[in-house]
Amino acid sequence: MNGRDLVRSWFPVGVAGVAKGLRAVRAAWRSRRADATGPASRGPVRARVPGAVREVEPGPGGGVIRFGRSELRVLVAVNGAVFWGWDGAGPEPSYALAGPCPEPDPRAELEPDTEGGWRVVAERVTVAVSRHGTVEVLTPGGVTLRRDLPPRWWEPADGGAVRWMQRSEVPADARFFGLGGRATGPRLRDGVHRMWNAVPGEVTGASPVTMPVQLVVADAGTHLVFHDNPWDGTVTLREGEEGAGSGHDRAGTSELRMEGGPARGWVMVGTPARVLLAWASLTGAPALPPAWAFGHHQVQEGYGGEDEVRRAVADHREHGLPLDAVHLGAGHLDARRVFTVDQERFPKLPVLADELRREGIRLVSVVAPAVAALPGGGVYEEGTRRDAFVRDGSGEVVHAVDRRGEAVLPDLADARVRTWWGGWYAERTARDFAGVWHTLDSPAAVGRDAHNVYGLCLARAAYEGLRGDGASGERPFVLSRSGWAGQQRYGGIWSDEGAAGWPGLRASLATVLGLGLCGVPFSGVDVSRAGNERSPELYVRRLQLGAYLPLLRTRAGAPAEGGPWECGAEVLEHARVALLERRRLLPYFMTLAHLAGRTGTPVVRPVWWAAPEERALRDCEDAFLLGDALLVAPVLEPGADRRAVRLPRGRWYDTATERVYEGPARVSADAPPGRIPVFARAGAVIAVRGEDGGTELEVWAPAPGRSGGGLVVPDTGDGGAEPEIERYSVTWSGPRVVVRREAEDGVREPSWPVRVRGLGRPVGQM
């Protein structure tokens, strides 16, 4: 990022002198209007398409196909992923890739195809390129999964960024997922989706975390496509339509338009699990959060100082509510300046942090990337000496006005600046805090080529700073508001999409599911009673959903918007049940986090995850799988005390009543105010926290004549060797359920106490 396009203010404007304020207001208004409507119109352009094939240059894993007005590079990597790049674009450099491009598959070769085209045949996929540049991705059996038509470029006559467009077709029965954390998902409907990180409501069709990553699920198979281009753009989706007896299907379409940057991407084919494994091998394994990260987090703005924090902790303890972390907002900073502490509000922060840690509670600090441009500010003065701030095309440091006055932004795409910025986390933050949460990390001042990756670069700086020399040695805890492809390497995502009534509750689930399918397994949506939403019922249903999402974070506002004890005894009891159940499941969440780090598999999964070929499951958006053992059906409508639940194939138990159901089926389940329906898969082995605080195995009886099993990964804490995966089998032996631990040297006794459930097996009603 060189700052040549950086011409806009990035935050709401405050008072910083009348003339300066008016200029900032006008600039902010112009930038927000531009961001909302898209790029301004340009001058004369020259359109271009690839043309016809002229020559071919085979190479390892594929080769280069030269057309009349462009060239296409095709590469099949050893992990099965397919790279394609037009106009000489290669896989590197890339913000998304975790390291160098994977080695080419030596068995894949470029060979002639029919009608003057070419193809590359690999073990899991075939790539066919027509003589005019259409690229088809096919299964080994020859069924088309994706058909990319030749791209089209628009080159400005007076120079500048080259815009391009590519239209793709998918099977008529296909469903689209992904594009980051979309509140309108998880299944993406017809319409235009903006590839621009922005707070909801500010930019039409945008999202705080946009990723040009599509997961497409069809009868023929699943594939993931990633357009490795961080520029501003749009994706227009249209689901297909199958012919009603006529045999003529209308393909689904995806039209990508980018305002610049390379026309390149990756495609991965296979089962959902195999696709996400390939994605993780390409963009990096998810970072493993510390164990306490899966507990209950509470956000306190911090304006009430140390007394406010102690009071919040005492309130939770008094009402029997578990609490594992307190996130401090801008109120704990000195004049809201980054990497500072208000000594009046927090005069003994180290003492407070140590006191809370002894009680099992961590402090987490907010960090925003803007640096107040004020003399005497350590970060500002040192950054100025190091030439660390973004500059415009004329070489001047870009200044903008926010609510604190003038501010500048570190140029985090520069490795030198990133190392310097990361040092502040280790030096200032890690002394008293166990982690950080980022906000305002998608500044509009950053140009269209780097805006979307700014949050990713900020998360990287934090993660590497907290993990570097002089750090605490604990696994870093980094939460971001914004991000891009590869974000999982550095931490998780927090969101506040759930602030808009009952539709917002449904959006919370969609956001977390979408992020998981884009490779980010650790995310969640803040639970609060903010604004005019005072409904105790909605608050409880939000908390019940949040208790089963990877990140559970509640937010306190004014005293009347505080904890559940402010809502009466009934709400308090419901909240206590939800939070205690969350605590009981902590070993299971930790197991899922370890597995996500090794395989890229999401913690929260769509119900079609194990059976994407079942169309009824592909259209199910109101429930989810937590790992492979639990199916969670949140209540998403007001006044409901029952709800319909779509169960996948197999036997399932209602975990509250142990009533048994046989899937595939659509069943009616009790959903009283105190709980939401949760089902356990027959034969599942789930690590839970016992009444004595230790780990135990909750085993659900297999169906008669069937077996089961599960995985447990005990967390060994920070440092040391990677823990061993414990594999358990569950079988019937006469009237008894037998649980064994499978090991390389034979069968062992389970490492933990075992409790078998579901032996009564009352029959459920359909």
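- Between the R107 side chain and the V121 main chain, no donor and acceptor come within less than 3.5 Å of each other.
- Between S254 and V235, the closest heavy-atom pair is OG-CG1, 3.8 Å.
- Rounded to the nearest 0.5 angstrom, L456 CG and S480 OG are separated by 8.5 Å.
- Of all the heavy atoms in A198 and A206, the pair that sits closest is CB-CB, 4.0 Å.
- For E613, there are no salt bridge (Lys or Arg N to Asp or Glu O under 4.0 Å) partners, not counting sequence neighbours.
- Ion pair D219/R615 flagged as a salt bridge, since at least one NZ, NE, NH1 or NH2 atom sits closer than 4.0 Å to an Asp/Glu carboxylate oxygen.
- A salt bridge (charged side-chain N to carboxylate O under 4.0 Å, His left out) check over residues 68-85, counting only residues at least two apart or in different chains, returns the pairs R66-E71.
- Pairing each heavy atom of A89 with each of A263, the nearest pair is CB-O, 4.3 Å.
- Using a 4.5 Å heavy-atom threshold, the side chains of E92 and P100 count as touching.
- The line from CG of L188 to CG of L215 is 10.0 Å long, rounded to the nearest 0.5 Å.
- Here the side chain of E464 pairs no donor or acceptor atom with the backbone of A461 at under 3.5 angstrom.
- Between F177 and P606 the shortest side-chain heavy-atom distance does not fall below 4.5 Å.
- Remark: R418 CZ to D411 CG distance equals 9.5 Å, nearest 0.5 Å.
- Side chains of P151 and M165 form no contact here, defined as non-hydrogen atoms less than 4.5 Å apart.
- Residue pairs meeting the ring-ring contact (aromatic ring centres under 6.0 Å, His included) criterion with at least one partner in residues 101-123, sequence neighbours excluded, do not occur; the list is empty.
- For H223, there are no ring-ring contact (aromatic ring centres under 6.0 Å, His included) partners two or more places apart in sequence or in a different chain.
- Every side chain to side chain contact (heavy atoms under 4.5 Å, CB included) that A52 has, sequence neighbours left out, goes to R131, H132.
- Inter-residue side-chain proximity for N452 and T210 is flagged as met; some heavy-atom pair is nearer than 4.5 Å.
- Between the side chain of T599 and the backbone N or O of L277, no donor-acceptor pair lies under 3.5 Å.
- Although no hydrogens or angles enter the test, the distance criterion places a donor-acceptor pair under 3.5 Å between the side chain of S207 and the main chain of G181.
- In terms of the side chain to side chain contact (heavy atoms under 4.5 Å, CB included) criterion, residue partners of L711 (sequence neighbours excluded) are, by chain and number, L595, I725, R727.
- In this structure, the salt bridge (Lys or Arg N to Asp or Glu O under 4.0 Å) partners of R189, at least two apart in sequence or on a different chain, are E621.
- The stretch residues 173-188 participates, sequence neighbours left out, in these side-chain hydrogen bond (donor to acceptor under 3.5 Å, both in side chains) pairs: D173-R618, R175-D619, R187-E239, R187-D619.
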Stepwise side-chain contact (heavy atoms from CB on, under 4.5 Å) test for V607 and R646 = CA-CA 8 Å; V607 294; R646 174 76 64 179; 5.5 Å; no
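- A cation-pi arrangement is not found for R163 relative to W231, the charged atom failing to lie both closer than 6.0 Å to the ring centre and inside a 45° cone about the ring normal.
- Scored by the salt bridge (Lys or Arg N to Asp or Glu O under 4.0 Å) test, R119 finds E111 as partners (sequence neighbours excluded).
- M258 places none of its side-chain heavy atoms less than 4.5 Å from the side chain of H227.
- Under a 3.5 Å cut-off, the side chain of W164 and the backbone N or O of G261 do form a donor-acceptor pair.
- Proximity of L626 to L592: side-chain heavy atoms (C-beta onward) are separated by under 4.5 Å at one or more points.
- Without hydrogens or angle criteria, N229 side chain to P262 main chain gives a donor-acceptor distance under 3.5 Å.
- Legend: residues meeting side chain to side chain contact (heavy atoms under 4.5 Å, CB included) with L75, ordered by chain and number and at least two apart, are F83, C101, P104.
- Within 6.0 Å of CZ on R238 lie no more than 12 heavy atoms contributed by other residues, nucleotides or ligands.
- Applying the side-chain hydrogen bond (donor to acceptor under 3.5 Å, both in side chains) rule to pairs touching residues 77-88 yields R48-D87, S70-D87, N79-S281, sequence neighbours excluded.
- In this structure, A220 and T139 approach most closely via the heavy-atom pair O-CG2, 3.9 Å.
- Salt bridge present: R264 and D228 bring a charged side-chain N and a carboxylate O closer than 4.0 Å.
- Test W279, Y95, W266 against F226 for ring pair (Phe, Tyr, Trp, His ring centres under 6.0 Å) and you get one pass: W279.
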query = side-chain contact (heavy atoms from CB on, under 4.5 Å) between V45 and W153: does it pass, once the steps are laid out?
reply = CA-CA 9 Å; V45 296; W153 294 269; over 6 Å; no
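- Not counting sequence neighbours, the partners of D622 by the salt bridge (Lys or Arg N to Asp or Glu O under 4.0 Å) test are R643.
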query = Going through the distances and angles, do Q214 and R146 end up as a side-chain contact (heavy atoms from CB on, under 4.5 Å)?
reply = CA-CA 12 Å; Q214 295 179 32; R146 186 177 194 88; 3.9 Å; yes
request  = Take V512 and V525 through the test side-chain contact (heavy atoms from CB on, under 4.5 Å) and record every step on the way to the result.
outcome  = CA-CA 8 Å; V512 175; V525 179; 4.2 Å; yes
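- Note that OG of S168 is 8.0 Å distant from CG of L256, once rounded to the nearest 0.5 Å.
- A donor-acceptor pair under 3.5 Å is absent between the side-chain atoms of R274 and the main chain of T271, judged by distance alone.
- In this structure, CG in D441 is found 11.0 Å from SG in C457, a value given to the nearest 0.5 Å.
- In this structure, D232 contributes its side chain and W196 its backbone to no donor-acceptor pair below 3.5 Å.
- When all heavy atoms of G455 and Q487 are compared, the closest pair comes out as O-NE2, 3.8 Å.
- Residue M195 holds its CE atom at 14.5 Å from CZ of R257, rounded to the nearest 0.5 Å.
- When side chains are defined from C-beta on, R147 counts as touching L149, because their heavy atoms get closer than 4.5 Å.
- Using a 4.5 Å cut-off on side-chain heavy atoms (C-beta onward), Y454 and P443 make contact.
- H451 places a side-chain N or O within donor-acceptor distance of the main-chain N or O of N197, the cut-off being under 3.5 Å.
- Looking at every heavy atom in both residues, L145 comes nearest to P171 through O-CD, 3.3 Å.
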